[in-house]
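Some notes on the structure that comes next.
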Amino acid sequence: MAASGDGGLRRRRRGEESEAPGQPEAAPAPPPALRPGTFWLTRLALLRATAALYLVAFLVAYHQNKPLIGDKGLLPGKLYLENIKHYFKGKINLEALSYAPTLIWFLDWSNMDGILDGFALTGLAIAAFILVTGCANMILMTALWVLYLSLINIGQIWYSFGWESQLLETGFLGIFLCPFWTLSQLPKHTPPSHIVIWCYRWLIFRIMLGAGLIKIRGDRCWRELTCMNYHYETQPVPNPLAFYMHRSPWWFHQFETLFNHFIELVVPFFIFLGRRMCILQGVLQIFFQALLIISGNLSFLNWLTMVPSLACFDDVSLGSLFSSRGKGIKARVLETQDKAAKEKGAPLRYGCYIRRVVNISFGVLIAFLSVPVVVNLLSSRQVMNTSFNPLRIVNTYGAFGSITKERTEVILQGTSSPDPNGPAAVWEEYEFKCKPGDLRRRPCFISPYHYRLDWLMWFAAFQTYEQNEWIIHLAGKLLANEKEVLSLMAFNPFEGEAPPRWVRGEHFQYKFCQPGGKHARDSKWWIRKRIGPYFPPVNLEGLRKYFESRRWPLPSQN
């Protein structure tokens, strides 16, 4: 019994103190915390977000480039390059390359459709790889940038939107965020450059401040706080929520406008007020862009504007978004931080010195190219969405400097009647993918995807067809039931039938119905009133000379 008692006593003394009655259990040690001021997780988020936007852009290109700028496109890319070449005396010289920098200059233009598909599919594959794996290097990011630059510079009016240049500038910054050839989520010998991170912050600062200044200097309704009374109804491609937002009370629209001015004119300066204010700037900008996404179809613009805002966050502020289990990326970042702290003051590798020179040179380049952009921001004659260099490395931005107060739409109609002006002529309407047409069709929600033709139809509606010759080309292709262009349409009233004999454009004013009103009870989203003809009835024979003068082949009826 004595021996048994001694053994029990010895075992008790060897145990944890917390096992004694009345003693509290020791709290588990807290997990190691990430240190502020590093950007390993930030880089991963930036690269994946950029790849996601490239993926959308190349997907749009793959689906729409052939009917827009292909061999049978509305504005053929081959003809565009030939015109540039003719302007520069028939040579593909440095001036021609500077006017339209594109790899397509050096390829065989006889199969433009194949070139466009090849560029888009290659870009899709690279972007998908980076998005899925989180691994990128300068070679892959440069390839994405060059491919998209090549498409933009042959895309003419279809690629004239500000977010095209913004994607190029964002993608160009991504090149210098990566190691040269290493493919790793965490390339240990290539820490994210603080210079490049600040270039991203400089980008979001210019985007938002430019957008705010162009509004204050532009349409007086921004100063009178009334622009939001019209915006939801008259924006290029409204979505279903815009239908309801348009009917908000006047005081709410004024609050929206004031909040917009605060976000665009005040919040960008938070970037320069220390770490916490910089993080607040990133949170507010992402929140603001999310509000814009749910209230309108502005292509991938708002998604893209979120990307440089991610540079406002360091590893600590993004750490909660990553798993702490096992040997995940968060744990590996912590190990890298610990190793860097132990090696602080140790001699750098030779490659690190080269990298520093590259990063400093890159910062100097961005600063130099920013000079005309800053001059433009400070100018009372500020212009928006403009590039001051052919490679679009640093650009000026802005959106909705003026607001249209009424919505007008061009509705294309066709008839099989031999006499377009006769009382027996029955005109049937074509429907586009997303722009308003059928009064009972619910507004679409497509962001971040982008229907380029629908957007240009919005611009055409407050211009004339003489200013948009491509719309007559579109009419000619509808007269032939041409398959490529019809892929851009949602509804062809002559599907499976003989093509129409005549096509015309009609001009209408559109307004949202009153929710719960008579028209809404009839399942209508819009009401409309005819303004008059946009372009008169045309047929293929009548378009012959028009097409020949522009070197467009006359469409042949299928």
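Keep in mind that this is a model prediction, so the values were computed, not measured.
- For the pair F172 and L168, the minimum side-chain heavy-atom distance is 4.5 Å or more.
- Taking a 6.0 Å sphere around CZ of R275, one finds it holds more than 12 heavy atoms contributed by other residues, nucleotides or ligands.
- Below 30°, between 30° and 60°, or above 60°: for F205 and W202 the angle between ring planes is below 30°, a parallel geometry.
- L209 contributes atom CG, which lies 4.0 Å from atom CG of L213 (distance to the nearest 0.5 angstrom).
- Here the closest heavy-atom approach between residue V410 and residue A461 is recorded as CG2-CA, 3.7 Å.
- To the nearest 0.5 Å, the span separating CH2 on W470 from CE on M457 amounts to 5.5 Å.
- Summarising the geometry of P448 relative to V56, their closest heavy-atom pair is O-CG1, 3.5 Å, with the distance given to 0.1 Å.
- With respect to E233 and R247, no salt bridge is recorded, no charged nitrogen being found less than 4.0 Å from a carboxylate O.
- Across T234, D219, N229, a single residue satisfies side-chain hydrogen bond (donor to acceptor under 3.5 Å, both in side chains) together with K405, and that is D219.
- Side-chain contact between I471 and Y534 is present, with at least one heavy-atom pair separated by less than 4.5 Å.
- Contact of the L75 side chain with the W158 side chain is registered, since non-hydrogen atoms from C-beta on lie closer than 4.5 Å.
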Evaluation steps, side chain to side chain donor-acceptor pair (under 3.5 Å), between N395 and S387: CA-CA 5 Å; N395 313 287; S387 300; 2.8 Å; yes
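- When ring centroids are compared, Y451 and Y449 come within the 6.0 Å threshold.
- A distance of 13.0 Å separates CZ of R201 from CG of L173, quoted to the nearest 0.5 Å.
- A donor-acceptor distance shorter than 3.5 angstrom exists from the side chain of N239 to the backbone of L241, with no hydrogens or angles considered.
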Evaluation steps, side chain to side chain donor-acceptor pair (under 3.5 Å), between N260 and E256: CA-CA 6 Å; N260 182 93; E256 288 181 299; over 6 Å; no
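- Crowding of E495 atom CD: a count of heavy atoms from other residues, nucleotides or ligands under 6.0 Å not exceeding 12.
- Under the 4.5 Å side-chain criterion, counting only non-hydrogen atoms from C-beta, L151 is not in contact with L147.
- Taking the side chain as every heavy atom from C-beta outward, E506 and P533 approach each other to under 4.5 Å.
- With respect to Y510, the side-chain hydrogen bond (donor to acceptor under 3.5 Å, both in side chains) criterion is satisfied by exactly one of K435, R407, E406, R528: R528.
- Here the CG atom belonging to L74 is positioned 7.0 Å from the CG atom belonging to L488, to the nearest 0.5 angstrom.
- At most 12 heavy atoms of other shown residues, nucleotides or ligands fall within 6.0 angstrom of atom CZ in F287.
- Taken from CD1 in I472 to CD in E466, the straight-line distance is 8.0 Å, to the nearest 0.5 Å.
- For P500 against L478, the heavy-atom pair with the smallest separation is CD-O, 3.5 Å.
- Put simply, OG1 on T257 and CD on E224 are 11.0 Å apart, with the number rounded to the nearest 0.5 Å.
- Counting only distance, with no hydrogens or angles, the side chain of E431 and the backbone of D438 share a donor-acceptor pair below 3.5 Å.
- Under the 30°/60° scheme for interplanar angles, the aromatic rings of H450 and W163 are found to stand perpendicular.
- S317 and D314 share a side-chain donor-acceptor pair at under 3.5 Å.
- F58 is not listed as a side-chain neighbour of F119, based on a closest heavy-atom distance of 4.5 Å or more.
- Between E469 and R550 a salt bridge is recorded (basic side-chain N to carboxylate O distance below 4.0 Å).
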From CA spacing to verdict: side-chain contact (heavy atoms from CB on, under 4.5 Å), V538, L479: CA-CA 9 Å; V538 294; L479 286 163; 4.3 Å; yes
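- Under the 30°/60° scheme for interplanar angles, the aromatic rings of H246 and H253 are found to be tilted.
- The side-chain heavy atoms of P238 and F512, taken from C-beta on, include a pair separated by under 4.5 Å.
- Between Y430 and F491, the ring center distance fails the sub-6.0 Å criterion.
- A salt bridge links E541 and R544; the closest N-O separation between the charged side-chain nitrogens and carboxylate oxygens is under 4.0 Å.
- Taking the six-membered ring where the residue is Trp, the centroids of F547 and H473 are separated by under 6.0 Å.
- Residues E169 and R392 are not paired through a salt bridge, judged by the lack of any N-O separation under 4.0 Å between the basic side chain and the carboxylate.
- Side-chain contact between N481 and N492 is present, with heavy atoms from C-beta onward closer than 4.5 Å.
- A salt bridge does not link D71 to K66: none of the charged side-chain nitrogens sits closer than 4.0 Å to a carboxylate oxygen.
- No more than 12 heavy atoms of other residues, nucleotides or ligands lie within 6.0 Å of CZ in R276, so this atom counts as exposed by the packing criterion.
- Closest approach of P555 and L540 over heavy atoms only: O-CD1, 3.9 Å.
- Relative orientation of the W455 and F459 rings is tilted, given thresholds of 30° and 60° on the angle between their planes.
- Scanning all heavy atoms of the two residues, the minimum distance from V394 to S370 falls at CG1-OG, 3.8 Å.
- Remark: side-chain polar atoms of T386 are paired, donor with acceptor, to backbone N or O of M384 under 3.5 angstrom.
- Residues M112 and G77 share a closest heavy-atom pair of CE-C, 4.1 Å.
- Aromatic ring orientation, W525 versus F243: perpendicular (interplanar angle above 60°, classes split at 30° and 60°).
- Within 6.0 Å of atom CZ in F255, 12 or fewer heavy atoms from other residues, nucleotides or ligands are found, so the atom counts as exposed in its surroundings.
- A cation-pi arrangement is found for R452 relative to Y159, the charged atom lying closer than 6.0 Å to the ring centre and inside a 45° cone about the ring normal.
- For F494, the CZ atom counts as densely surrounded, since its 6.0 Å shell holds more than 12 non-hydrogen atoms of other residues, nucleotides or ligands.
- Other residues, nucleotides and ligands place no more than 12 heavy atoms under 6.0 Å from the NZ atom of K72.
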side-chain contact (heavy atoms from CB on, under 4.5 Å) assessment of W303 paired with I293: CA-CA 8 Å; W303 300 87; I293 287 168; 3.5 Å; yes
Step-by-step side-chain contact (heavy atoms from CB on, under 4.5 Å) determination, V373 to R206: CA-CA 9 Å; V373 175; R206 288 184 288 109; 3.8 Å; yes
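- Side-chain atoms of H261 come within 3.5 Å of backbone atoms of W222 as a donor-acceptor pair (strictly under, hydrogens ignored).
- Between the side chain of N389 and the main chain of I393, a donor-acceptor pair closer than 3.5 Å is present.
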Pair Q156-I69, side-chain contact (heavy atoms from CB on, under 4.5 Å): steps then yes or no: CA-CA 8 Å; Q156 303 162 79; I69 58 175; 3.9 Å; yes
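- In summary, the aromatic rings of W427 and W502 are positioned with their centroids too far apart to meet the 6.0 Å limit.
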Chi angles and distances behind the side chain to side chain donor-acceptor pair (under 3.5 Å) call for Q382, N376: CA-CA 5 Å; Q382 176 192 0; N376 177 69; 5.8 Å; no
